Structure formats: C-alpha cells, structure tokens
There are 2 protein chains.
Amino acid sequence: MNIKHNKEDILRKGMELFRLNGYHNTGTKEIIKEAGISRGSFYNFFIDKDDFGIQVLDYYGVWSTDYMKELLNDTKLNPKQRLIHLFDLFIEGYKRDHYKWGCLLVGMTQELGQINPSFSNACERNFESFVAVFQACIEEGQAAGVISEKQDARGLTLTMLSMYNGALVLMKSGMHHEPLEAFQTQLALILTP
Amino acid sequence: MNIKHNKEDILRKGMELFRLNGYHNTGTKEIIKEAGISRGSFYNFFIDKDDFGIQVLDYYGVWSTDYMKELLNDTKLNPKQRLIHLFDLFIEGYKRDHYKWGCLLVGMTQELGQINPSFSNACERNFESFVAVFQACIEEGQAAGVISEKQDARGLTLTMLSMYNGALVLMKSGMHHEPLEAFQTQLALILTP
DNA sequence: AATCAATTAGACCAATCTATCTAATTGCAA
DNA sequence: TTGCAATTAGATAGATTGGTCTAATTGATT
C-alpha cells in the first residue's frame, strides 16, 4: 500500500472552491492545482468530477453538523440561547471573511438540483442532517418552555433554516450584512415563546 | 430595417432555461435551438452569453415585479392579506409544476455572484426591486395597524424575502411542499401584530 | 536489498463550449 | 422592379473541459 496524499485534503479544497465559485466554475484543473496533486491522483481517488462533487457534499455535511452539534451542546446556555449563539458565531465568520462564503448545499441545489438526481439526493440528505440537529435543540427548548410553540418543532426548524439560507443568498448578492442582521432580529422574535 | 425574431421571446426562453437548469448548464446551443433562432441572430441581439445573462436577469426582475405589484394592488384585501395571498398563489404555481422552478436571482447569485461583478450587481439591483415592492406593502400595513411593528419595515421585508427564498431552496433540494408550508405558517405569525 | 503492487506525473485525447465568419436571404425604400 | 442594408444560417475556428493512458516512482514487505 502506498498513500501520499490525503483524500480529505482534496475534499476540503474542493469544498472551499465549490463554496466560493460554484461547481461549474471550478475545473478539475483548478482543484488539482490547488490541492497540489496530479491529475492521475485525482482520478485514482474519485471516479469522475460528479463522484468528487457528491463526496464533497457529504464531507461538507459532516463537517458542518459536527461543528453545529458541538455548539448546541453548550449546556451553559439554554436551547434558545444556544441557537442564537450559533448563528451569531456563523455570521461573525461571514463578516470576517467579507461575505465571500455561502452554504454549499444551497449552491449545489441551485446549480445541479434539477440536472442530476445523485446531487439532489445528496443535497436533501445533508439538509436533513442539518434539520435533525436543529430540531433536537428546538424540541428541547420547547419542552423546557424557552422556545415558542406557535409552530411545531419540525416546522420551526424548517422556517429557521430557510430564513438563514435565504439571508445568506441576499448577503452574497451584495447586500452583505443587512439581511443577516434582519435575520438575527427576527430569529429572536420567532424563538421567543 | 429587418426584424424577424423578437428579442423578448429569446429573453423569455433564456429565463426559462436558466431557472430550470442554471446558467452554466444551459449552452448557447440550447438557447438558440429552443428559441428557434440561429447562432447568427443570437449574436446579433447580444454581445455574448454574459450580456444575454444580464439582460435575462433584468427581464426576470421586471416580469416578476410587474406581477407582484399587480397582486399587491388588490384593494379588496388589506396589506397583510395581500402578501399572504401573493405567496399562496406563487406556491400553488410551484406545486402545479412539480416544484421544478426556482428563483432566478437566487440561482444566479449562487452561481455567478463571486465570479462576475456585472452579475452580482444585476442580482442585487433586482433583489432591491423586489424589496421595494414588498416594503411599500408592509409599510402600508404597519401604518394601518394590520402588520406587526416588532421589526421595522425594511427588516421585516428582508426577513420575509429571505424566508421565502430559503424555502424555495429547500423545496428544490427535494423536500418539495413541506418547507413551503412551514413558510406559510410562519409568515402569518410574523406579519400578525 | 530486492520485489512488486500501488501511486503519481503530466502529456495526450475527445468532446464541448463560446464566438466568429462568410455567403445566402430577407424586406424596406426608391 | 431594383438596390441595398440588415438579418439569418450554419460551417468553422479556437479555447477549455473532463477524462485516459503509459512510463516513472514510491514505499511497504520479505
């Protein structure tokens, strides 16, 4: 056996490039160059660009949910405060990097959702992971009486995720911070019982 | 002078294809074929594909805002009811077409926002038209006391638009109707004073 | 140290994409 | 009807893309 390059490093670079510039705007040439590997290596690890894309999606899903779970386990805060804190941190990060990032799932859904069922399955699967993580926290908050029960946990989770994803799109379109701020304001309102 | 093909017909076809399959997934070949024109004609009307893309964006913006304005002028309903009615109609349309459409501005922002400033400008410009139309209605509703004032008109508009765009993304990813329903439920909640 | 399967390098190929170019055609104006 | 500028058609060019191929290299195992 002979392992020199780390598959995970390539996935991480791909994730970065796809988030920044989209799937079609990122050529295999650029991925290979940025990851510092050769064409041969790339096709040794992945069947083709689509296979790579799907694996990047799942990598992003795990990478994100791991971080979200970590933040939502901070028992020093109540569930509502944890959610608000999580989004505060995310938004701070976007601001720090001049709003250049976005959600990979949103981008991939838009770009490939209708084209390739493998991609739309991967997007849905990973969105559902996000939902699961958030929903658990919201259920806990509702049971504890610190999160509004005007909408059921699943519905409130979908709403919150929609609002966040949509705010990121407006942010990326050039409005930058304002939609994020509106999101933060409204998030507090809809979570409060 | 010699006009055979209508520029607007080509723009409409382009809008349709870009909404369905995205910008990079739609070749000039397909646009030409679907619009029933020749390559020569296309490049007679438009400088290049990017120029076409920008014009499609603006065409979509005008086409959408015209329809929204029409719906939001229905004085038989109060401003809050008008907004809810508008989204009900939109969502009904998505359902009827099996959730295959999406918002062109969302797609273009994701696909080209970081790549080409002309595109991000066009996206922001058209998003701002949407905001203007909705904000006028929300302001009217707040003044009349039928729309919540917990968030200022601009903020509430951005929130609502984010929520809607985000719900469309989840819809497109394969969740179909559920996120739209969650949106409708929450929309009524956040608008109510 | 020798062996050998796995990995790597990057030239190369085929397909595709955008855009151009020229000849044929169109339809208005005189 | 004729003349002419504008439009159209579609072959073709040039660039870029994703993917393959083979020879060289690597490193674990014996």
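Please read these numbers as outputs of a predicted model, since none were measured by experiment. Within every chain, numbering begins at 1; the chains are lettered A, B, ... in the order of the sequence lines, protein sequences first and strands thereafter.
Here B/S41 does not reach the OP1 or OP2 of D/dT7: none of its side-chain N or O atoms lies under 4.0 Å away. Proximity of B/S38 to the phosphate of D/dT8: no side-chain N or O atom is located under 4.0 Å from OP1 or OP2.
For DNA chain C, the neighbouring residues in residues 47-54 of chain B, judged by any heavy atom under 4.0 Å, are B/D48, B/K49.
If you run salt bridge (Lys or Arg N to Asp or Glu O under 4.0 Å) between A/D9 and each of A/K7, A/R12, A/K13, only A/R12 comes through.
Between the side chains of B/Q81 and B/H85, no donor N or O sits under 3.5 Å from an acceptor N or O. For the residue pair B/Q184 / B/D88, a side-chain donor-acceptor distance below 3.5 Å is found, with atom types taken as modelled. Side chains of A/Y43 and A/D51: a donor-acceptor N/O pair is absent below 3.5 angstrom, by distance only.
Protein atom CD of A/E30 is 14 Å distant from nucleotide atom C1' of D/dG18, rounded to whole Å. Here C/dA11 presents its P atom at 11 Å from NZ of A/K29, a figure rounded to the nearest Å.
Judged as a salt bridge (Lys or Arg N to Asp or Glu O under 4.0 Å), and not counting sequence neighbours, A/K80 has no contacts.
If you check distances only, the side chain of B/R39 does reach the base of C/dA19 with a donor-acceptor pair under 3.5 Å.
No side-chain heavy atom of A/T28 sits under 4.5 Å from any side-chain heavy atom of A/D48.
Comparing D/dT7, D/dT20, C/dA9 against the side chain of A/Y43 picks out D/dT20 as the nearest.
When the nearest nucleotides of DNA chain D are assigned to A/G40 and A/T28 by heavy-atom distance, the more 5′-ward of the two goes with A/T28.
Here B/G27 lies in heavy-atom contact (under 4.0 Å) with sugar-phosphate atoms only.
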